[in-house]
Amino acid sequence: MSTAADGAAGRTASRPRRTRRRLLGAALLAALAAVAAIVLGAGFGRDPSVVRSVLIDRPAPPLHGATLDGAPLDLRSYRGKTVLVNVWASWCAACRAEHPVLAAAQRSYASRSLQIVGVDMSDKPADARRFLTEMGGANYPSVADPNAQIAISWGTFGVPETYLLDAAGTIREKAVGAVTTGWIDAHVAPLLGAP
Amino acid sequence: MTRRRIRALLGLLALVAVTALAGVGVWPALAPPRVVSLHDRAVAVETTLRCPTCQGLSIADSLSPIAAGMRQQVEHQLAAGATPGQVRSYFTARYSDWILLDPPRRGVGWLVWFAPPALLLAGLLLVRRALRQRARPTASSRQNLAAAAAFAADPPACADLPEPVTAGLTDLQAARLEADLDPAGQGGVDDALARLAAALYDHPVTAAPTQPAASDAGENAVVDDAQRLGSAPRRRAARYALPVAALLFAGLLGATLARTVGTRPAGAVATGNFATPPTPSGPGLAALQNGTQEHPDDPRAWLAYATALDQAGRLAAAEPNYRMALALDPANVAAREQLGWLLTRGGSPTEALAILGPLTRGRPDDPYPVLLVGLAQRGANQPQATTTLRRYLHLAPDSPQAPLVRALVGTTP
């Protein structure tokens with residue numbers, strides 16, 4: 001145990017062991033720093049409030065109720081058409097900007113089987129009707145949803161949000177925020193039928 | 001007991017104290033409530049669901065319309081017999097796991113739950129090693145190095161030297177041999193000597209039993225003396241710093257938790273200060289009205305509806321509901337007080353006095369009915385109003401209404 005050779009081995013083994021431990025510690029620290037940097041960097045770029053809808057490519061949830069005019073409406077009656085379900089409210093500022101875009105789309109593409117259906121969320125019918133009158137009337141029906149139950153069953157985060165359904169009743173796309181003509185051209189037009 | 005054992009014991013005590021006191025603070029909030037109403041169960045589920053339009057708020061605390069709709073859905077489902085898990089699944093199916101305030105215990109979610117304690121543990125281990133290494137320089141103080149050199153020059157002959165000391169001696173011999181061959185190896189000798197000093201510091205060698213080692217006993221005594229004198233005060237302070245800090249932390253944590261969380265009723269939110277009185281909005285009033293229609297014999301339903309209407313400023317609508325609640329339960333103090341106050345405000349003070357009368361007869365020293373009666377008497381221009389209001393000030397001189405009442409009565413504070 002106490003020969004010179006063993007002693008030498010003991011001495012020369014200790015320095016690499018120490019440097020190895022230091023290297024291991026440094027490597028661990030570098031790995032942690034890298035992971036933290038990647039996670040933070042990736043996260044900072046994302047808007048935490050935008051979550052991709054889990055309903056994309058799934059069948060649309062049920063939608064039925066009374067419209068603002070009192071007539072009954074069921075989404076299933078529009079099967080075979082390209083449908084835009086637009087969740088809005090009279091107290092929502094962005095919905096004012098969005099309404100003309102939707103009205104124009106309904107006018108242009110009605111002949112190509114587009115049907116827009118509104119869901120008036122957490123709103124009083126009188127306020128909603130006043131809003132529509134101010135905007136120059138509506139050329140598509142809106143279902144009253146005073147307690148947001150329909151909106152919640154569709155996974156709505158806020159207003160305005162719009163769901164695009166194809167002719168089979170599957171949700172293909174969801175717009176969070178006001179819909180623009182660019183979005184309609186990009187996502188709705190390809191699904192429309194022949195004129 | 002050696003110093004080392006004391007330190008270890010203190011550290012263990014500190015750990016136990018931190019855990020125990022933290023548990024003491026949180027325990028009252030975790031105890032299940034004895035009577036669980038539908039509302040309580042709904043709130044328990046609501047505090048775990050995120051409001052979609054707000055950052056980091058639960059739907060229990062949010063005022064947005066989506067949160068109100070989600071609360072209604074939660075109550076509806078719980079009333080229909082769903083479990084909290086089923087209610088949460090309903091929302092995660094439509095909003096993804098993001099809707100849960102706690103990260104899910106699945107897949108990557110486990111990382112979020114385990115990473116903090118694991119990193120804390122790693123940090124503690126690093127701190128322990130850093131503290132050990134910081135103590136080493138004292139072991140390598142000049143005195144200790146000299147003592148180690150003396151020890152190495154004439155090591156004791158007893159065979160049961162501690163293993164690190166033997167290894168240190170061997171390393172030192174090897175280093176000296178190498179230094180003889182290669183002058184650049186002198187640094188290695190210093191390293192080996194330092195390691196031997198450290199080994200002797202960690203494993204003090206007691207006096208050898210054999211007589212020829214009398215000088216060894218002297219050298220070992222030198223080593224012991226060096227250890228005692230050279231390093232004691234700083235080492236002691238450094239070693240006790242961590243356990244003392246942990247005990248201080250545990251004490252403060254326990255005291256603060258007991259004060260802020262210990263007094264909360266069972267089942268309430270464990271932390272935070274969300275004391276939001278429910279603002280009766282349109283849907284809320286409708287729900288309360290439904291309550292009175294569904295439970296026409298329950299005075300509490302009528303009282304709740306009446307209170308909400310009262311708070312919303314609709315006194316005329318609230319009055320018949322208060323009367324209904326009182327008719328169903330003449331002993332209901334809240335209904336009587338609120339109806340009396342409403343009648344006073346609404347311009348019928350004499351009727352208010354008739355309603356409030358039984359309250360003061362039953363509980364003459366309760367200040368609030370005295371205040372209401374006094375205000376009703378004042379509304380009816382009765383002369384005894386001043387006496388009654390002065391009696392209220394005598395019963396409750398520090399209440400929030402006292403300054404206003406003093407102004408009415410005309411006395412100086």
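These numbers come from the heavy atoms of this one structure, side chains and all, not from hydrogens, waters or symmetry mates. Labels below follow one simple rule: chain letters A, B, ... track the order of the sequence lines, proteins then strands, and each chain is numbered from 1.
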Problem - Residues, nucleotides or ligands: over 12 heavy atoms within 6.0 Å of R172(A) CZ - result: no
Handout entry: Rounded distance (nearest 0.5 Å) linking atom SG of C54(B) with atom CZ of F157(A)
Key = 12.0 Å
Completion exercise
So CG of N147(A) and CZ of R71(B): to nearest 0.5 Å the spacing works out to 11.5 Å
Problem - Proximity breakdown for L119(B) and chain A, heavy-atom pairs closer than 4.5 Å - result: side chain
Handout entry: Heavy-atom pair with the smallest gap, counting every atom of Q149(A) and G69(B)
Key = NE2-O, 2.8 Å
Problem - Portion of I152(A) that has a non-hydrogen atom of chain B nearer than 4.5 angstrom - result: both
Practice task
Could you pull out the closest heavy-atom pair between I66(B) and T156(A), with the gap in Å?
Solution key: CD1-O, 3.5 Å
